[in-house]
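Remarks on the structure that follows.
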Amino acid sequence: MTEAAAAKTKGNVKASRFFSEFRLARARIGSGVVLFIYLTWHMINHALGLYSDELMRQAGRVLSIVVGFPPIGIILYSAFLVHMFLSLWRVYQRRSLRMNGKEWLQLLMGLLIPYFMISHIMSTSYMEGVYELNASYDFVLLSVFVFSPDYAYYIAIGLIAAWLHGCLGMHMWFATMSWYSQNIRSTLLASASLLPALSLTGYLAAGQRIIPLASDGEFMGAYYEKLNLTDDSVFGLLARDIGWVEFSFLVLVVGLIVARIIRSLLQIRSKAVTIDYVDGPNIRLPIGSSLLDMSKSGGVPHANVCGGKGRCSTCRVRLLNADNDIAPPDEAEQKVLQRVRATDDVRLACQFYPQSNLKVLRLLPSEVEQATSADHEPWSSGREKVVTVMFADIRDFTRTAESRLPFDVVYLINQFSKAMGKAVEKNDGRIDKFLGDGFMALFGVDGPPQESAANALKAAGKMIEALNKLNEELIGDLNEPLRMGIGIHTGSVILGNMGYGDARGLTAIGDAVNTASRLESATKEQKCILCVSAETIAQASMTAPDETKKRIAVRGKKDKLDIHALMDTEGLEQIREEATA
């Protein structure tokens, strides 16, 4: 490579690092969070109208004072401009507009916000700053419900569009975070549904209360005095300014569409590269797009849990061959690659922009895109989490089955599985898999470790009760009662959708799983029903009888493990009562 070419490549690398999609995405998300906080406060302010007009006015004044503080105002308006332009830039630079339903809905809501809210924004903050009028809540309510009643619908639609756009953005951002469990998601969804309902109701209630005041001369006199209106021509000037801003935004959107068309035409004539997928087809596309976007444009399935935002590593590929030298990853991409201990020939497809022909290997199978998309559970693509694992098994079932017909054996297994499965599910557990005459269950997939440990012990108690009841029902069919062993341990595991085809599903792997299995086997040696690790007892904030405490060797572990061997149902019942208390 010549010195000039090397210098050019170095310059391109620096520019790529500065304008990397990861950095721009981080700026877009950060500005969006600022706007979402302001919007939330604004909607709470509207909701106060359900209580009283004065409380709503007072909260509005506080909000105006905070936003009027120069540093806060600069941050807020800068966030608005940054978020709007970066969002439009993201639409422009996408090679393909193939998006899922949530992304399309978020985009459409984002385009609706300016259309419905420009007039409202400029009739408040802009009017105060430029024309020195006092845009109080009374001004907004009178303008909307008295002077221009039809405009009330515009503001309502604009607020709903802004809220839906923001909530979708926050959801897609949270979806790749391990703490974003189903319980938290449900709580946030309920809050996100309740707040706009309260806000719009408060907004309409305040509007209905101010309509009669419009005919009150004393009230209107005080209103015009506070408004500080000296010349009616101000509203004509304001309408002119609003028209220009709305026209400018329309030009911006039309310009974006035209720019995309021009770019597409130019790329058709520009240099193209061939991407040879080891486990897929060859595609040839113009340069300028990320490898992930090229895959989407070429109809090549490509895993991308975070939606191509550079926050996960599921789109990573191994570069097997390239016609020219490849620029190194920027700092942000490098951090993600280091986290997964990637070798030097591995890159994130969403952050890598091919400049020459390539041969690549997708490191995650293509079907993972559907199974582990950001629309699914946070653990679906693999998450480390502290859960409680339970193993249960019927004792000496082989001997019981030897003297029975196959139909009877299947019937017994199904009856046992049904009774135990109900006990597990009623205590927020999940049956991971049935293992012949036993099963494995997980507690705490969507909850905290303390709750999962307590629920597992409650489930174990219900299982013993269910087994006793089953034995009573089958007393005439069994030579001796069914017995079982249960092992329970709490610890860190890797959760994820694992397997192949129809056998694919949520499961857990890790030392905690192996330990729980060993504890189930230990019930034979300890001649007890239930072996529970001391860690599970501690996580559940419970105590167990001192005489049940044992220190045993567990196969596969160097150090001995503290457990509690519960000899009968009474011992477990005592623990369950303490857990309930």
Side-chain angles (χ1 to χ4, degrees), residues 387-443 445 455-489 497-509 512-532 554-556 565-573 576:
V387 301
T388 299
V389 185
M390 171 192 286
F391 275 85
D393 183 72
I394 302 177
R395 289 282 165 263
D396 300 323
F397 188 72
T398 301
R399 186 176 63 185
T400 301
E402 285 177 349
S403 59
R404 309 185 74 85
L405 294 173
F407 174 84
D408 293 329
V409 174
V410 173
Y411 174 77
L412 279 177
I413 290 292
N414 287 340
Q415 291 297 103
F416 173 80
S417 300
K418 178 181 178 181
M420 299 304 111
K422 286 183 176 180
V424 168
E425 291 178 349
K426 285 183 178 180
N427 289 280
D428 296 328
R430 297 188 184 210
I431 299 294
D432 179 276
K433 59 178 70 72
F434 284 100
L435 308 165
D437 56 356
F439 65 88
M440 168 183 165
L442 300 174
F443 296 81
V445 171
N455 285 339
L457 291 172
K458 292 177 185 178
K462 292 296 183 183
M463 287 165 58
I464 293 176
E465 293 176 5
L467 184 65
N468 291 336
K469 184 177 180 180
L470 183 62
N471 281 327
E472 291 177 3
E473 294 174 354
L474 300 175
I475 192 169
D477 297 326
L478 296 172
N479 296 327
E480 58 182 31
L482 295 176
R483 296 177 297 113
M484 70 176 172
I486 305 172
I488 300 176
H489 179 60
N497 279 331
M498 305 179 198
Y500 174 74
D502 294 338
R504 184 186 183 88
L506 169 67
T507 191
I509 58 174
V513 177
N514 298 331
T515 300
S517 177
R518 302 287 187 268
L519 292 183
E520 182 272 316
S521 299
T523 58
K524 301 175 184 177
E525 303 167 3
Q526 300 298 324
K527 295 182 173 58
C528 65
I529 298 174
L530 173 64
C531 279
V532 188
V554 177
R555 183 161 57 89
L566 302 174
M567 306 303 295
D568 51 35
T569 308
E570 292 181 1
L572 181 61
E573 186 68 26
R576 290 196 306 111

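Shown here is K433, whose NZ atom has more than 12 heavy atoms of other residues, nucleotides or ligands within 6.0 Å.
A distance of 8.5 Å separates CE in M440 from CG in L435, rounded to the nearest 0.5 Å. The CD1 atom of I529 lies 4.5 Å from the CD1 atom of I464; values are rounded to the nearest 0.5 Å. Note that OG1 of T507 and CG of L442 are 6.5 Å apart. Values are rounded to the nearest 0.5 Å. Put simply, NE2 on H489 and CZ on F391 are 12.0 Å apart, with the number rounded to the nearest 0.5 Å. Once rounded to the nearest 0.5 Å, the distance linking CG of L467 with CD of E472 reads 10.5 Å.
Listed by chain and residue number, D393, E520 satisfy the salt bridge (Lys or Arg N to Asp or Glu O under 4.0 Å) test with R395 (two or more places apart in sequence, or in another chain). For K469, the side chain to side chain contact (heavy atoms under 4.5 Å, CB included) criterion is met by E473, not counting sequence neighbours. Remark: A441 pairs with M390, V424, I431, F439, F443 by the side chain to side chain contact (heavy atoms under 4.5 Å, CB included) rule, at least two apart or across chains. Listed by chain and number, the residues in a side-chain hydrogen bond (donor to acceptor under 3.5 Å, both in side chains) with N514 amount to none (sequence neighbours excluded). By the side-chain hydrogen bond (donor to acceptor under 3.5 Å, both in side chains) test, S517 is found to be paired with no residue, residues two or more places apart in sequence or in another chain being considered.
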Output a table of donor-acceptor pairs, distance under 3.5 Å, between side-chain atoms of residues 413-423 and any protein atom two or more places apart or on a different chain; print 'none' if there are none.
residue, atom, partner, partner atom, Å
N414, ND2, V410, O, 3.4
S417, OG, I413, O, 2.8

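Considering every non-hydrogen atom in both A392 and M463, the closest pair reads CB-CE, 3.8 Å. L530 and V532 get closest at one heavy-atom pair: CG-CG2, 3.3 Å.
Side-chain contact between T523 and M484: absent, with no pair of heavy atoms (C-beta onward) separated by less than 4.5 Å. At a threshold of 4.5 Å between non-hydrogen side-chain atoms, the residues V513 and I509 do not count as touching. Residues I394 and L412 fail the side-chain proximity criterion, which asks for heavy atoms closer than 4.5 Å.
For the pairing with C531, the side-chain contact (heavy atoms from CB on, under 4.5 Å) check across I488, L519, L566 returns one residue only, L519.
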